[in-house]
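Since the structure comes first, as structure tokens, the remarks are kept for the end.
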Number of protein chains: 2
Amino acid sequence: MAVSPTQATQSDVVDAIRRDILDGELVAGQRLVEAELSEWLGASRGAVRGALIDLTHEGLVERIANRGARVRVVSIEEAVEIIEVRAAVEALCAAKAAEKITDEEIAELRQLGEDMSAAVASGDVGTYSRLNTRLDERFIAISGQKVAAETIARLQGRSVRHQYRLAYRPGRSQISLPQHLAIIEALARRDPTAANRAVREHLASVLDAVREVASSRWEPSGGR
Amino acid sequence: MAVSPTQATQSDVVDAIRRDILDGELVAGQRLVEAELSEWLGASRGAVRGALIDLTHEGLVERIANRGARVRVVSIEEAVEIIEVRAAVEALCAAKAAEKITDEEIAELRQLGEDMSAAVASGDVGTYSRLNTRLDERFIAISGQKVAAETIARLQGRSVRHQYRLAYRPGRSQISLPQHLAIIEALARRDPTAANRAVREHLASVLDAVREVASSRWEPSGGR
DNA sequence: CGTACCAAAATTGTTGACAATCCTGCGAGA
DNA sequence: TCTCGCAGGATTGTCAACAATTTTGGTACG
């Protein structure tokens, strides 16, 4: 999108392309020609090339030797798998977090819970969605599990496009809010087992919703 | 180690360096100078550079801007975290595998179990260790969870050095063999819950052993 | 009408030279 | 003796030109 006045560095390019993919500016399957992006972003071709390689490792871009890069298409099946893995790892984090959470952090999460309730009550889906993400990030950080955090971050990007549709489905907030509050309460009670289960139940529900959206999108689209 | 007569390509370099790190040929913390490796492996500096970037993403190499690459040192704490995450994800795979395993695959795993028992009985730790790895790979493949497989593969490399010491500890085989057989039996019974639990129990035991090795290695070593 | 082939264009891959950065060792001054 | 500063060397980072590969469009031939 924005072309900066100064020369863009490689990590700038990575961020820019990643954002465009996540925002849907670059659609799945679209070709990513190095020379084009280079001019588009005001960076050297080398930088763009390196960025595409990085994004390939993140799973957002697909590269075939001598045949260029395209935005990776993640099938519903793959999205489901990603959420299943995330469920397993996040549940681990939740259990660990419940064991080492401090009083201040509990207060912080409770506040977060109230904000979420308020956002849902006022129908502000955008804010609610952002608070969701924050809750995830917070309890993963609290768990102190760096490897798990890195693993989840890696997977996050790939599934975000599929989860995006979800947030704005009517009634979705009402389903997920109590689940999020349950996670918070389990952490506040310092109950690892309950926290583990609460996270799993939440992601199982997300999974159902993703599958449902998938099947409901079978008919309208007629594309390749 | 071996320098091939023909020009080595980038993926050759990745493989060569990875193998050397995993084999302990390159020790943790050792500097990896691009020009040296380039001459050593008979590849261009660009190829070596690219390989080091790839290995950085794998977590085997650590790179600091303008200051070069070194073999990443994975602390005991990190190894523990890695095994915890692996436990969560492999348990997921085991449960999924139990749901879709075929009769042929059950026979194959049972055979594997017998081979493992034989290897332990004859004290052939090397073979036993290799069969272990195969068992892991097989039930992950059977589960059909590509994302989980990729996630585990990523983590595998980093923890392998810590697990390596383990295999040759006296008595270790006797502890882990029944756990492996339990995994096989749970899969053969097509019991997802039991398979999940069997994998978790096995990796919990690995975890204990890693921690124990860690504490027993506190005294002999005199620091970096 | 379809197919095989070929050259031109477009695109990616690689290399080598140069620029930028960091580390080392030495010497001057307090 | 210790600290600071500064060249010199070593190492990494970047770029632009060149090579290799794939795609495309057209044409001749069956």
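Letters A, B, ... mirror the listed sequences (proteins, then strands); counts begin at 1.
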From the list dT12(C), dC23(C), dC15(D), which nucleotide is the closest neighbour of the side chain of Arg31(A)? dT12(C)
Does dT15(C) have OP1 or OP2 under 4.0 Å away from a side-chain N or O of Ser44(B)? yes
So what does Leu32(B) touch, heavy atoms closer than 4.0 Å: a base, only the sugar-phosphate, or nothing? sugar-phosphate
Arg63(A) side-chain N/O to dG13(C) phosphate OP1/OP2 under 4.0 Å: yes
In whole angstrom, what separates Ile64(A)'s CD1 from dT21(D)'s P? 17 Å
Is it true that Arg70(A) and Glu62(A) make a salt bridge, defined as a side-chain N closer than 4.0 Å to a carboxylate O? no
In whole angstroms, the gap separating C1' of dT12(C) from CD of Glu34(A) amounts to 6 Å
Closest non-hydrogen atoms of Ser38(A) and Ala43(A), given as atom of the first, atom of the second and distance, are OG-O, 2.6 Å
Glu36(B) has an atom CD; how far is it from atom C1' of dA10(D), in whole Å? 11 Å
Given atom CZ of Arg70(A) and atom C1' of dT23(D), what is their separation to the nearest angstrom? 12 Å
For a quick test of reading the model, state the closest non-hydrogen atom pair linking Lys100(A) to Gly144(A) and the distance between them. NZ-CA, 4.5 Å
Using whole Å, what does the distance between atom P of nucleotide dA10(C) and atom CD of Glu39(A) come to? 14 Å
Assign Gly68(B) to base, sugar-phosphate, or nothing according to its heavy-atom contacts below 4.0 angstrom with the strands shown. sugar-phosphate
Students often get this wrong, so: under 4.0 angstrom with heavy atoms, is Ala65(A) touching a base, only sugar-phosphate, or nothing? sugar-phosphate
Tested for side chain to side chain donor-acceptor pair (under 3.5 Å) against Asn132(A), the lone hit among His202(A), Glu137(A), His180(A), Gln163(A) is His180(A)
What is the distance, to the nearest angstrom, from the CD atom on Gln10(B) to the P atom on dA20(D)? 18 Å
If only side-chain N and O atoms of Arg67(B) are considered, is one of them under 4.0 Å from the OP1 or OP2 phosphate oxygen of dT12(D)? no
Taking atom types as they are modelled, would you say the side chain of Arg45(A) forms a donor-acceptor pair with the base of dG13(C) within the 3.5 Å cutoff? yes
Val33(B) or Gly46(A): which one's nearest nucleotide on DNA chain D is closer to the 5' end? Val33(B)
Could you state the atom-to-atom distance from CZ of Arg49(A) to P of dT21(D) in whole Å? 14 Å
For Arg134(B), I'd like to know if atom CZ has over 12 heavy atoms of other residues, nucleotides or ligands within 6.0 Å. no
Could you state the atom-to-atom distance from CD1 of Ile53(B) to P of dT12(D) in whole Å? 12 Å
